[in-house]
Number of protein chains: 2
Amino acid sequence: MNDPVLLTGAGGRVGGAILDGIGDEYDWTLLYHSQPAEEPDAEYFVGDVTDAELMAEACAGVESVVHLAGDPRRDAPWESVLQNNIHGTKVLYDAAIDAGVERLVYASSNHAVGHFETERKPDLYRTDDDFKLDGTELPRPGNFYGVSKVAGETLGRYYHDEHGVAVCNIRIGNLTKAHPPIDYERGQAMWLSHRDCAHLHQRALEAEYEYEIVYGISDNDRKYYSLERAKEALGYEPKDNSAHFSGEDRVEEPEN
Amino acid sequence: MNDPVLLTGAGGRVGGAILDGIGDEYDWTLLYHSQPAEEPDAEYFVGDVTDAELMAEACAGVESVVHLAGDPRRDAPWESVLQNNIHGTKVLYDAAIDAGVERLVYASSNHAVGHFETERKPDLYRTDDDFKLDGTELPRPGNFYGVSKVAGETLGRYYHDEHGVAVCNIRIGNLTKAHPPIDYERGQAMWLSHRDCAHLHQRALEAEYEYEIVYGISDNDRKYYSLERAKEALGYEPKDNSAHFSGEDRVEEPEN
């Protein structure tokens, strides 16, 4: 019998990559923000993470939560990220603790550290630049979305310290299917392939840890995020590297 | 002519220590949450930091902001700190940037790192324990109030990176007048005397820096917060030490 896991933000791009890759590995409960086009092959709810009653229902009987829900826009207005991302994470975590959930896997973001790039770009996107972030640095969010993701990480730290729940904050890079972003150095530096995304989340659901911050990208030559902690704490073994793709036969995909 | 400074939370305990100590050094604009008992000897406003129009008025013509306002209760409910402390700080900082303010001094708190104490107390309150926090560590808030203070620090980091405003986040310890807390090791470890509090804020208003996180305590033998950064970046020269007080003639004061 598979472990019961709640996935919030199941209809988003990261949720899709996870369900494509490890959909058969867990007994999923799915939370969608709006009714999905196709009927999901799992128990599901439609609604907001800010809805405490709904979150109590969604967390019932669950062992782990993968929390992706929230306003995903880089330029999301403050009022939206304050409510959906910051407050929503608190409401969900309360419900999870009340339900006895043992593990919280949180979709943080590269935007939590976006302003490290400001003085260093484009050099840090290049292979001859040694600058690396490893997750021990104090965040420098690049926008209000990033501020909200740092707040979500901080809430995770608090719920871990206060309630003992295992927490892994994954600073997700630039997720695209099939191939890395084209003619976009930053996107190639922080590319996360769909299969590496699914594998990383599986490791976050399986590994033993207390509290972790890891970077969620493929093993790109151009990377300026260290993968050491993801490898060491989670056993992450990325298969992809944006440098292994030539420019041919590519189609553009939206940035994460 | 003195520099024009906006002080939010002017009616609180930290605000009182600042005005007592350096009230003559600046051209203050004061923000009170409710009408003060005595008519202030400076321009003042009464209202909420979440009131954008009021904040625009309060920031007009100001060079620096000392931001103390917010729900100060250690056990403040989430909804209150979300609104008053997190959202309020964002509203104030927006107004400050629009008004051309050059410096933001923010009252963060020991509660931003409260959960570092959990596994180490009471040893870390004692002089034979070498554990020290220095402000480079990732926060571990001990309550929702602490979560909100970390979010306020993060907003300061963002406004500095985005707008170039100088920001100093001061993690204020345990402010009491006259003498340190009695029979309370933690309070003695993180005591901040009134005169050290006023002097530290003056240094935060005078020193040249870009972005700083410092601990705001007196030079207590029992301290587990490093004062190195406050000394180096701000020129802080604390005069007090909780170890220099005997137990006689003391009266209890509420904890900060």
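What's counted below: heavy atoms across the whole structure, side chains too, no hydrogens, waters or symmetry copies. Given the structure is predicted, the values throughout are model-derived calculations rather than measurements.
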Shortest non-hydrogen pair, B/Gly135 vs A/Leu138, comes out as O-CD1, 3.5 Å
If you tally heavy-atom pairs under 4.5 Å between each of B/Gly146, B/Gly142, B/Gly114 and chain A, the highest tally belongs to B/Gly142
If one checks every heavy atom of B/Ile86 against chain A at 4.5 Å, the contacting part turns out to be both
Is there any N or O donor on one of chain B and chain A with an acceptor on the other under 3.5 Å, and could you list each such pair with its distance?
from	atom 1	to	atom 2	distance (Å)
B/Trp78	NE1	A/His87	ND1	2.9
B/His87	ND1	A/Trp78	NE1	2.9
B/His115	NE2	A/Glu162	OE1	2.7
B/Arg140	NE	A/Asp161	OD2	3.0
B/Arg140	NH2	A/Asp161	OD1	2.7
B/Asp161	OD1	A/Arg140	NH2	2.7
B/Asp161	OD2	A/Arg140	NE	3.0
B/Glu162	OE1	A/His115	NE2	2.7

For B/Ala95, the side chain to side chain contact (heavy atoms under 4.5 Å, CB included) test, sequence neighbours excluded, returns B/Met55, B/Cys59
